[in-house]
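Structure first, commentary second.
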Amino acid sequence: MTDTRTLLEWSARYHANTYGRAPICLVRGEGLRVWDSDGREYLDFTSGLAVVALGHCHPRVTGAIQEAAGTLLHVSNLFHSAPQIHLAKLLVEHSFADRVFFCNSGAEANEAALKLARKYAKERFSSDRYEVVATRNSFHGRTLATLSATGQEKYQHGFEPLVAGFKHVPYDDLGAMERAIDSRTAAVLVEPIQGEGGVHVPDEGYLPGLRKLCDESGALLIVDEVQTGMGRTGTLWAYEHAGVEPDVMTVAKALANGVPIGAMLTREEIASVLVAGTHGSTFGGTPFVTSVALATLTTILDGKLWERATRMGRYLMDGLRAIQATNPTVRIVRGKGLLIGVEIKEEHGTARPYCEKLMDLGILAKETHHQVIRFAPPLVMSREEADWALDRIAKVLA
Ligand SMILES: Cc1ncc(COP(=O)(O)O)c(C=O)c1O
């Protein structure tokens, strides 16, 4: 077996330098636990960036992977395949939507939503109606269009000119959104909770307010549930907290618990502008990945795991707030369900060194937006695992 030092040397030599990776090489996982190439064990509070909601190597997911791998991997969308049809049906039965388009990532799901919004607005209204109003501090992906939709210059720098037709307004500010929407607005694009931007939960009137603005103007309301979907925030989809429905929703990350997939969901009338040949993907919704997603979604639905996310999220957040109460380094603990941010006060430095110390003590967590440690453990986390982590988090934040 290649030793860790050599692996890290080769990584530095052969990879494009797009990631600031932690200096460990992970080789195995089970539940919340992962092991590195030196045999060290960690509790994974990142879920691989909110992906492995069921934990690593969940038996139902592994079983589905094994069965699908021996049955049929790929046929392209020239043909129908049963798992893709079953998954579309299940997603429709458990959301506001009537129709589903499958792709391979969150960015691609958002690309599909943006293309749909432009086509819908042009066909239903006028040819110069193509703008999308998104929010500052948002994150929607790394393709050119989703990067242009993302409201953070640090990701856009160097890649200009960006795709035309995007405006950005402050998040959780209905007045600013109202002023930005005009006769050229095709859609409003928002995360129900900003994840990558530092875990920001908007006021409970925000999504209903956006719904009203969209209804009045004819703009589509697109919710990006790439990070918040699949039970993470305490409901299957985060829009459910607001009691209103979007027109379009994008999903990815946890949908197949680690096998790459994305999906764009919408209502019948809107989907009708996508006729054969208008959009597509070679790999989108292969029998393999949709079998794995079916196993994942069914496991989440059977176990009502969003309820567990609410319960365990409250437990973890109470524990973190107790740490905050006796601790001057923490400005605020915020989040919903098992999407939690701990913001470090600026005078105590950025969040990164705290994440490095957590890793030394056996917890994987990722900083986001300079000051925030993001905790997004698998939804199957136990109380014992939460306690074990809280004990170490308290030490690191002391
Ligand atoms: C809200 C949101 N949208 C889109 C994306 C992009 O997803 P992907 O990396 O799968 O393209 C992310 C990734 O973090 C995300 O958090």
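Remember, it's a predicted structure, so these values are computed and weren't measured experimentally. Each ligand, and each atom within it, is numbered from 1 in the order the structure gives.
The protein atom (non-hydrogen) at minimum distance from atom 2 (C) of ligand 1 is Phe139 O, 3.3 Å. Ranking the protein heavy atoms by distance from atom 3 (N) of ligand 1 puts Asp224 OD2, 2.7 Å first. Among all protein heavy atoms, the one lying closest to atom 16 (O) of ligand 1 is Gln227 NE2, 2.8 Å. Among all non-hydrogen protein atoms, the one lying nearest atom 5 (C) of ligand 1 is Val226 CG1, 3.7 Å. Distance from atom 14 (O) of ligand 1 to its nearest protein heavy atom, with residue and atom name: Lys253 NZ, 3.0 Å.
The pair Glu346-Arg331 does not count as a salt bridge, with every side-chain nitrogen at least 4.0 angstrom from each carboxylate oxygen. By the 4.0 Å N-to-carboxylate-O rule, Lys115 lies too far from Glu111 to be salt-bridged with it.
Contact analysis leaves Glu225 out of contact with ligand 1, as no non-hydrogen atom separation drops below 4.0 angstrom.
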Can you give each donor-acceptor pair under 3.5 Å made by side-chain atoms of residues 240-249, sequence neighbours left out, with the distance rounded to 0.1 Å?
from	atom 1	to	atom 2	distance (Å)
Glu240	OE2	Trp237	N	3.0
His241	NE2	Thr233	O	3.1
His241	NE2	Thr233	OG1	3.0
His241	NE2	Thr235	OG1	3.1
Asp247	OD1	Arg211	NH1	3.2
Asp247	OD1	Arg267	NH2	2.4
Asp247	OD2	Arg211	NH1	3.3
Asp247	OD2	Arg211	NH2	3.0
Asp247	OD2	Leu221	N	2.7

Enumerate donor-acceptor pairs with a distance under 3.5 Å from any side-chain N or O in residues 388-398 to protein atoms, sequence neighbours excluded.
from	atom 1	to	atom 2	distance (Å)
Asp391	OD2	Lys395	NZ	3.3
Arg392	NH1	Trp388	O	3.0

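Where the criterion is an N or O separation shorter than 3.5 Å, residue side chain and backbone included, Gly106 meets it with respect to ligand 1. At under 3.5 Å, not a single nitrogen or oxygen of Gly141, backbone or side chain, sits near a nitrogen or oxygen of ligand 1. The shortest N or O to N or O distance between Glu191 and ligand 1 is not under 3.5 Å. Not one N or O of Glu108 is nearer than 3.5 Å to an N or O of ligand 1, by distance alone.
With a 4.0 Å cut-off on non-hydrogen atoms, Ala107 touches ligand 1 through its backbone as well as its side chain. Here Asn110 has side-chain heavy atoms under 4.0 Å from ligand 1, and that is the only part of it that gets that close.
Other residues, nucleotides and ligands contribute at most 12 non-hydrogen atoms within 6.0 Å of the NE2 atom of His86. Surrounding NZ of Lys304 are at most 12 heavy atoms belonging to other residues, nucleotides or ligands under 6.0 Å away.
Using a distance-only test at 3.5 Å, with no hydrogens or angles considered, no donor-acceptor pair links the side chain of Ser11 to the main chain of Leu7. Checked by atom type and distance alone, the side chain of Arg334 pairs as donor or acceptor with a backbone atom of Gly198 at under 3.5 Å.
Within ligand 1, counting atoms from 1 as listed, the ones closer than 4.0 Å to a heavy atom of Ser105 are 10 (O), 11 (O). The atoms of ligand 1 that sit less than 4.0 Å from any heavy atom of His140 are 3 (N), 4 (C).
Taking a distance limit of 4.0 Å, we find that atom 9 (O) of ligand 1 is approached by no protein heavy atom.
For the side chain to side chain donor-acceptor pair (under 3.5 Å) test with Gln152, the passing option among His168, Glu196, His140 is Glu196; the others fail.
Aromatic ring orientation, His279 versus Phe101: tilted (interplanar angle from 30° to 60°).
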